Visitor: 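Structure below; questions to follow.
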Amino acid sequence: MSKAPAKKNDAVDLLDADHVAVKKLFTEFRKLSEAGAPEEERKALADRICMELTVHAEIEEQIFYPAVRAAINDEELLNEAEVEHASAKELISQISAMGAGEELFDAKVIVLGEYIVHHVEEERNEIFVKARRSDLDLKGMVEELKTLKEELMANYEVSA
């Protein structure tokens, strides 16, 4: 039997679907790295990972975190999450500016993946649990999150 909570089709499920998707991308990247895949292939996948994470962080920071911060009254928890986002964004910036042939490129992508796994565990085990226990309208938040995500993804595609 699965340990995953039942799907509620709410904001938490939407955000967690992003977590699952990006974890698969990191697994794919690790395999490419270990196989010595061509630089173009590794760079394209790393760029996709960076885009997915940047958009995800943005929708959390603009919509989800402020609502949760107001609802659960746990400043320290949300402050830590925002610091983790800032650290991830710094690594994303470094990776985005690098070529796949540069020293430490693969290591930075792999470390970013490990960092994100840690962050996701904290979100799942603390923030998401507290958000669901609160009186937040997590189902009502889904459309706002989806709309912003679509706008950000479209902007990314235009600038790419």
Side-chain angles (χ1 to χ4, degrees), residues 1-5 7 10-66 68-69 74-132 142 145-146 148-160:
M1 180 167 281
S2 173
K3 291 184 179 182
K7 293 290 180 205
D10 63 7
V12 168
D13 286 340
L14 179 110
L15 295 170
D16 205 43
D18 285 353
H19 294 159
V20 171
V22 83
K23 184 175 183 179
K24 288 178 183 175
L25 295 175
F26 277 117
T27 299
E28 186 180 337
F29 184 88
R30 186 180 285 272
K31 288 177 185 174
L32 290 178
S33 177
E34 289 170 356
E39 290 177 15
E40 307 81 41
E41 195 174 347
R42 294 189 339 271
K43 177 64 175 167
L45 184 54
D47 286 346
R48 179 164 175 217
I49 289 167
C50 291
M51 178 207 48
E52 296 278 346
L53 288 174
T54 300
V55 168
H56 176 82
E58 193 66 29
I59 66 173
E60 281 187 335
E61 290 168 8
Q62 284 192 34
I63 299 168
F64 186 71
Y65 284 179
V68 172
R69 187 180 291 276
D74 190 338
E75 290 295 310
E76 187 174 323
L77 180 62
L78 275 297
N79 288 346
E80 287 176 16
E82 288 186 18
V83 169
E84 288 174 353
H85 274 205
S87 298
K89 286 178 186 177
E90 177 57 34
L91 256 181
I92 288 167
S93 175
Q94 291 174 29
I95 292 164
S96 296
M98 295 176 78
E102 290 184 56
E103 189 175 358
L104 302 181
F105 179 82
D106 286 12
K108 286 185 181 196
V109 176
I110 290 166
V111 167
L112 177 63
E114 292 166 352
Y115 194 76
I116 295 302
V117 165
H118 167 78
H119 176 71
V120 165
E121 282 180 27
E122 287 188 348
E123 280 191 339
R124 282 181 176 161
N125 296 330
E126 296 180 55
I127 296 173
F128 289 175
V129 170
K130 290 181 179 187
R132 281 201 167 135
V142 169
L145 289 167
K146 282 182 179 178
L148 180 56
K149 183 176 179 177
E150 288 169 8
E151 288 172 16
L152 294 169
M153 294 293 266
N155 290 341
Y156 237 104
E157 291 170 10
V158 169
S159 65

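Every value quoted in this text rests on a predicted model; they were computed, and no experiment measured them.
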Visitor: With heavy-atom distances below 4.5 Å as the criterion, would you say the side chains of Ser33 and Ile110 are in contact?
Guide: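 Result yes, sub-4.5 Å side-chain heavy-atom pair found.
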Visitor: So which atom in Phe64 and which in Ala131 form the shortest heavy-atom distance, rounded to 0.1 Å?
Guide: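 That would be CZ-CB, 4.0 Å.
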Visitor: Quick one: pull up CD in Glu150 and CG in Leu145 and give me the separation to the nearest 0.5 Å.
Guide: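 So the CD of Glu150 and the CG of Leu145 are separated by 11.0 Å.
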Visitor: Assess whether side-chain contact (heavy atoms from CB on, under 4.5 Å) is satisfied between Glu123 and Leu15, documenting all intermediate values.
Guide: CA-CA 10 Å; Glu123 280 191 339; Leu15 295 170; 5.7 Å; no
Visitor: Taking the side chain as every heavy atom from C-beta outward, state whether Glu82 and Arg69 have any pair of such atoms under 4.5 Å apart.
Guide: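 With C-beta onward as the side chain, the pair touches.
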Visitor: Within the 4.5 Å heavy-atom criterion, are Lys23 and Val120 side-chain neighbours or not?
Guide: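 Counting from C-beta outward, Lys23 and Val120 never come under 4.5 Å.
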Visitor: Taking side-chain hydrogen bond (donor to acceptor under 3.5 Å, both in side chains) as the test, write out the residues that go with Glu103, two or more places apart.
Guide: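 Glu103 satisfies side-chain hydrogen bond (donor to acceptor under 3.5 Å, both in side chains) with no residue once adjacent residues are dropped.
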Visitor: If you round to the nearest 0.5 Å, how far is CG of Leu25 from CG of Leu32?
Guide: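 Leu32 atom CG to Leu25 atom CG measures 10.5 Å (nearest 0.5 Å).
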Visitor: Check the pair Leu112 / Phe26 against side-chain contact (heavy atoms from CB on, under 4.5 Å), numbers first and verdict last.
Guide: CA-CA 9 Å; Leu112 177 63; Phe26 277 117; 3.9 Å; yes
Visitor: For Gly99, does its backbone N or O pair with a side-chain atom of Glu102 as donor and acceptor, under 3.5 Å?
Guide: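 Such a contact is found between Glu102 side chain and Gly99 backbone.
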Visitor: Could you report the tightest heavy-atom contact between Ala11 and Val142, atom names first, then the distance?
Guide: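 It is N-CG2, 3.3 Å.
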Visitor: How close do Val68 and Ile127 get, counting heavy atoms only, and between which atoms?
Guide: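 Nearest heavy atoms, Val68 then Ile127: CG1-CG2, 4.1 Å.
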Visitor: Indicate every side-chain donor-acceptor pair of residues 50-61 with a distance under 3.5 Å to a residue at least two apart or in another chain.
Guide:
unit_1: Thr54; atom_1: OG1; unit_2: Cys50; atom_2: O; d: 2.7
unit_1: His56; atom_1: ND1; unit_2: Asp18; atom_2: OD2; d: 2.9
unit_1: His56; atom_1: NE2; unit_2: His19; atom_2: NE2; d: 3.1
unit_1: His56; atom_1: NE2; unit_2: Glu60; atom_2: OE2; d: 3.0
unit_1: Glu58; atom_1: OE2; unit_2: Gln62; atom_2: NE2; d: 2.5
unit_1: Glu60; atom_1: OE1; unit_2: Tyr65; atom_2: OH; d: 3.3
unit_1: Glu60; atom_1: OE1; unit_2: His85; atom_2: NE2; d: 2.8
unit_1: Glu61; atom_1: OE1; unit_2: Lys89; atom_2: NZ; d: 2.7
unit_1: Glu61; atom_1: OE2; unit_2: His85; atom_2: ND1; d: 2.7
unit_1: Glu61; atom_1: OE2; unit_2: Lys89; atom_2: NZ; d: 3.1

Visitor: Starting at CE of Met98, measure out to CG of Asp47 and round the result to the nearest 0.5 Å.
Guide: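 Taking CE in Met98 and CG in Asp47, the distance rounds to 12.0 Å.
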Visitor: Determine the minimum heavy-atom distance between Glu39 and Ala100, stating which atoms define it.
Guide: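 Scanning both residues, the minimum pair turns out to be O-CB, 3.3 Å.
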Visitor: Ignoring hydrogens, what is the shortest heavy-atom contact between Tyr115 and Val83? Give both atom names and the distance.
Guide: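 Heavy atoms only, the tightest pair is OH-O, 4.4 Å.
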Visitor: Working to the nearest 0.5 Å, report the span between NZ of Lys108 and CD of Gln94.
Guide: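 Reported value, rounded in 0.5 Å steps: 3.5 Å.
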Visitor: Do Glu114 and His118 have a side chain donor and acceptor closer than 3.5 Å?
Guide: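 There is no such pair between these side chains.
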Visitor: Just by modelled atom types, is the Glu121 backbone N or O under 3.5 Å from a matching donor or acceptor in the Asn125 side chain?
Guide: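 Judged by distance alone, yes, a pair lies under 3.5 Å.
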Visitor: Would you call Arg132 and Asp10 a salt bridge, taking side-chain N to carboxylate O under 4.0 Å as the test?
Guide: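 So Arg132 pairs with Asp10 through a salt bridge.
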Visitor: Taking everything shown except Arg48 itself, do over 12 heavy atoms lie less than 6.0 Å from its CZ?
Guide: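 For Arg48, atom CZ is not crowded (no more than 12 foreign heavy atoms under 6.0 Å).
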